[in-house]
Amino acid sequence: MANSNRVLVLFAHPALEKSWVNRHLIRAIQGLESVTVHDLYELYPSFHINVELEQELLLAHDVIVFQHPFYWYSSPALLKEWQDLVLEYGFAYGDGGTALRGKKFLSAITTGGGEKAYCRKGYNRFTIRELLVPFEQTAVLCGMEYLPPFVVQGTHQLREREQIARHVEDYRRTILALRDDTVDWSGLRQLQHLNHGLEQIILSSETMPHV
Ligand SMILES: Cc1cc2nc3c(=O)[nH]c(=O)nc-3n(C[C@H](O)[C@H](O)[C@H](O)COP(=O)(O)O)c2cc1C
């Protein structure tokens with residue numbers, strides 16, 4: 001596989017049995033070569049995170065994805081606990097903390113609120129990019145490149161399977177393109193949300209043998 005990146009998807013959903021959107025998204029990328037789907041709530045239902053294992057996983061991958069529903073303008077609690085424990089001084093930042101340098105970071109989130117709710121005049125008052133700043137700055141402090149987030153919004157309106165099929169396909173294409181490096185990186189960096197410009201930034205299918 002030419003230019004293959006190893007992609008680690010840290011998935012955090014505390015009630016997967018009630019999920020409508022994330023369970024389809026995660027299913028679409030399970031079993032792909034060089035893509036590790038790591039289900040944190042399944043592994044750590046009691047929040048006892050194996051820090052050493054998690055750090056080894058980070059070291060073994062090039063692209064780190066946080067996939068989760070947006071909960072109170074942030075992540076579900078286990079992913080916060082994961083950050084607090086795994087991104088240690090001397091590993092992820094600080095003196096000698098260079099383990100994550102040069103890797104790429106992607107937030108892949110779903111929000112109950114629709115697109116219009118996430119702007120100055122909307123009821124959430126801030127944009128998704130603004131609300132994700134703690135994730136962005138965490139990535140940057142650790143020396144990673146923060147990519148525009150993949151965002152599926154208005155999840156409560158997505159009741160029919162066909163309505164989410166497009167998002168599922170977009171997510172799979174995104175993960176494959178990041179894996180295969182079939183991305184126009186300068187175009188990608190201009191985007192607010194990665195999935196608002198996929199047609200422009202994913203290179204043609206001839207250069208994407210794995211799609
Ligand atoms: C505890 C909790 C907090 C939530 N907070 C937000 C929020 O801050 N913003 C938002 O747009 N939706 C919020 N939601 C809605 C979820 O983001 C939405 O239900 C989820 O993304 C749908 O994905 P799923 O079908 O995979 O569960 C919240 C839901 C729960 C249960």
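Counting starts at 1 for both ligands and their atoms, in listed order. The structure presented is a predicted model; accordingly, all values stated were derived computationally and were not measured. In this chain, residues are counted from 1 in sequence order.
Ranking protein heavy atoms by distance to atom 25 (O) of ligand 1, first place goes to W20 N, 2.7 Å. Of the protein's non-hydrogen atoms, Y71 CD1, 3.6 Å is the one closest to atom 2 (C) of ligand 1. Ranking protein heavy atoms by distance to atom 27 (O) of ligand 1, first place goes to H13 NE2, 2.7 Å. Looking at atom 19 (O) of ligand 1, its nearest protein heavy atom turns out to be H156 CE1, 3.4 Å. In this structure, atom 17 (O) of ligand 1 lies nearest to the protein heavy atom F70 O, 2.8 Å. Scanning the protein for heavy atoms near atom 15 (C) of ligand 1, the closest one is G112 N, 3.8 Å. In terms of protein heavy-atom proximity, atom 11 (O) of ligand 1 is closest to Y118 OH, 2.6 Å. Looking only at heavy atoms of the protein, atom 8 (O) of ligand 1 is closest to Y73 N, 2.9 Å.
A donor and an acceptor atom, one from each side chain of Q157 and Q163, are nowhere located under 3.5 Å apart. Side chain to side chain, E81 and Y44 fail the donor-acceptor criterion of an N or O pair below 3.5 Å.
The shortest N or O to N or O distance between W72 and ligand 1 is below 3.5 Å. Checked against a 3.5 angstrom limit, the closest N/O atoms of P69 and ligand 1 fall outside it. Where the criterion is an N or O separation shorter than 3.5 Å, residue side chain and backbone included, R23 fails it with respect to ligand 1.
Rounding to the nearest 0.5 Å places CG of L43 at 7.0 Å from CD of E54.
Contacts of Q153 with ligand 1, taken as heavy-atom pairs under 4.0 Å, are absent altogether. Contacts between T155 and ligand 1, counted as non-hydrogen atom pairs separated by less than 4.0 Å, involve the side chain only. At a heavy-atom distance under 4.0 Å, no atom of Y123 approaches ligand 1.
When the shell of 6.0 Å around CZ of R23 is examined, it contains more than 12 heavy atoms from other residues, nucleotides or ligands. Applying the 6.0 Å contact sphere to CG of D84 captures more than 12 heavy atoms from other residues, nucleotides or ligands.
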Side chain to side chain contact (heavy atoms under 4.5 Å, CB included), that's the test. Do D39 and I26 meet it? Break it down for me. CA-CA 9 Å; D39 185 340; I26 203 75; over 6 Å; no

Tell me, with the steps shown, if Y118 and F126 meet ring pair (Phe, Tyr, Trp, His ring centres under 6.0 Å). CA-CA 5 Å; Y118 284 96; F126 298 95; 9.8 Å; no

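Hydrophobic cluster membership is shared by V21 and V37, with clusters built from Ile, Leu, Val, Met, Phe, Trp and Tyr side chains linked at under 4.5 angstrom.
By the 4.0 Å N-to-carboxylate-O rule, R189 lies close enough to E145 to be salt-bridged with it.
Not a single heavy atom of K18 sits closer than 4.0 Å to an atom of ligand 1.
In this pair, F66 and W82 present their aromatic rings perpendicular. The plane angle is above 60°, beyond the 30 to 60° band.
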